[in-house]
Amino acid sequence: MYRMLIRFTVCAVILFAIVRLYTSIIHINPTTVALTFLVFVLIVSAVWGLRYALFTSFIAAAAFNYYFLPPTGTFTIADPQNWIALLAFLSTAVIASELSNRARKQTEEAVSRRRELERLYSFSQQLLTADNVLQLLNNIPHHVIESFDVSSCAIFLPEKGDIYRAGIDVPALNTEQLKSIMARGEPMIDRTRNLSFAALKMGVRTVGALGVAGTLSRQTLDAMGSLIAIAVERANAVETLSRSEASREGEKLRSAILDSVTHEFRTPLTSIKASITSLLSNTVLNADDRLELMTVINEESDRLNRLVGEAAEVAQLESHEFQLDLQDCRVIDLVQAAVDDVKQVMGKHTVEVRVPEDITVRLDPDRMKEVLVQLLENAAKYSPSDSRIYVTAEILKKETTNFELSVADQGLGIDDMEQALIFQKFYRGKNQRYRVQGTGMGLAIVKAIVEAHGGKISVTSQLGRGSVFHIVLPMDVLR
């Protein structure tokens, strides 16, 4: 109200300023005055609207009659032609005001539609380019608030049995209200409570309901409902596909694990059985042959014992039912002991040790040697038969003092997608599951032991160039 009075006052003041200019300073003919008044009326209509333009028109007509049509100084008109001029001026001013106001409203509507289209486009981009489709349902209400400048948003999906919300708490955006919108199937605008509702429809099928605290056009609500319905269907499709893919991969993994474990256990059992059969059935074997068969039995028994031990150790590590026997240990001695243990499986591989002799750490030597043995055996399995394997150690002095132990090979490398998976229990590389023997428990054991020491293990790999496994122990593990 206060602003309205100010605008009416401004219009009147400017009109009388024009009258003062043309009566006291610049003396011009009535036609020029009428055109000046008419231009001012058009400006008022374009800037402030019709009501101010009509007010200005009548005030301008009165001023034009009083100051510029003879006899001046009175509201009477002597010449009938001046009546025609006055009525023509007033009619022109009113009609021009109406046309100008209509053009202004159409411009505002066009600008509003353009903004709504821009918002809808931005909203559709947020829905269609979301990286995590499964999290999209939680993010849609936030996208609605950001894109359409509303204070609250709620989406009801009967298949999920829940309401996804964002923004301030609005009690009117409740389950019952949104269910009624679903049943209605059409947008609804409640201007008294400043609320807007729309059904989420895929063709003729309604998949949910949308409610926002704000007033939007029916066209915008329809478009939003369609876009959100598409996003919901997309999320459902991706979720279904992910479950199917996970189920298929789970079946493949279970088959691979079963085949791998069966093969790993069956191989030493077969060797032991064959050696014992030869010993029992062939009594004329010489001492060297008998020794060779007994050696096979001994080695394969150790291998079988190790497989059983790995399975038991995985269960123990997962249940945290173990304690570390921390001792002061020279790293060079630890590495040499691990290298000696894997000599039989290294074949033609050359292990190059680059460990300073003065590094002493406090850790569980048996557990850490087991870590090194697993890494060295893996490096031998997945590298060319005559390639080098490097074991390095150093004290890192950057932000804190850490001890780092690394095992590097020159193998085929590990794909980026698999680098985060290889430390999971029973996981084996998709291209190596049937080519290289193993149960997939080794790196899971390694990770559990390293983390029990308060450290971290990671891998850096490049396809065709090899891999480097880094073990970093925090400062409090050092001597």
Side-chain angles (χ1 to χ4, degrees), residues 1 49-51 101-102 104-130 133-239:
M1 185 64 180
L50 182 60
R51 70 171 66 181
N101 182 69
R102 188 178 301 176
R104 184 176 63 85
K105 286 184 176 180
Q106 290 176 349
T107 302
E108 290 177 351
E109 290 176 359
V111 172
S112 177
R113 291 193 191 98
R114 178 179 61 81
R115 289 176 179 172
E116 287 186 354
L117 287 174
E118 291 175 350
R119 289 175 175 178
L120 285 171
Y121 175 76
S122 174
F123 182 60
S124 66
Q125 290 296 105
Q126 290 176 324
L127 297 184
L128 296 176
T129 60
V133 178
L134 298 180
Q135 288 294 326
L136 181 60
L137 297 180
N138 292 319
N139 296 331
I140 287 177
H142 297 281
H143 293 330
V144 172
I145 291 175
E146 293 173 359
S147 299
F148 298 95
D149 196 25
V150 294
S151 58
S152 181
C153 176
I155 295 175
F156 173 69
L157 300 176
E159 291 185 359
K160 304 293 183 181
D162 197 4
I163 293 182
Y164 299 87
R165 298 182 181 273
I168 63 175
D169 185 22
V170 179
L173 299 178
N174 53 44
T175 303
E176 295 303 321
Q177 180 68 52
L178 294 174
K179 283 183 178 179
S180 68
I181 296 299
M182 282 189 63
R184 178 174 178 169
E186 295 180 358
M188 186 184 76
I189 301 174
D190 188 347
R191 299 188 184 278
T192 58
R193 294 187 295 175
N194 193 31
L195 299 175
S196 301
F197 301 91
L200 309 182
K201 304 183 71 173
M202 281 290 294
V204 296
R205 184 167 60 92
T206 302
V207 299
L210 164 71
V212 298
T215 303
L216 302 174
S217 67
R218 292 179 64 88
Q219 294 82 359
T220 300
L221 289 172
D222 276 332
M224 287 173 60
S226 298
L227 289 172
I228 295 174
I230 293 172
V232 169
E233 290 298 295
R234 179 181 174 219
N236 290 338
V238 171
E239 185 176 0

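Side-chain atoms are counted along with the backbone in the values below, which use heavy atoms only and exclude waters and symmetry mates.
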Is there side-chain contact between L221 and I189, with heavy atoms separated by less than 4.5 Å? yes
Distance (rounded to the nearest 0.5 Å) between T206 OG1 and E186 CD: 10.5 Å
When every non-hydrogen atom of R218 is compared with those of P187, the smallest separation belongs to NH1-O, 3.2 Å
If every non-hydrogen atom of M202 is compared with every non-hydrogen atom of V207, which pair is closest and at what distance? CG-CG1, 4.4 Å
Do you know the tightest heavy-atom contact between A209 and L178? CB-O, 3.2 Å
If you measure from CG on D169 to OG on S151, what distance do you get to the nearest 0.5 Å? 11.0 Å
OG of S147 to CD1 of I140: how many Å apart, nearest 0.5 Å? 11.0 Å
Any idea which heavy atoms bring G211 and F197 closest together, and the distance? CA-CD2, 3.8 Å
Quick check against the 3.5 Å criterion: does S152 have a side-chain atom that pairs as donor or acceptor with the backbone of G167? no
For I155, which of L173, V212, L210 qualifies under side chain to side chain contact (heavy atoms under 4.5 Å, CB included)? L210
For V144 versus M224, what's the shortest heavy-atom pair and its separation? CG1-CE, 3.7 Å
Once rounded to the nearest 0.5 Å, what's the spacing between atom OG of S196 and atom CG of D190? 8.5 Å
For A213 against L195, the heavy-atom pair lying closest together: CA-CD2, 3.8 Å
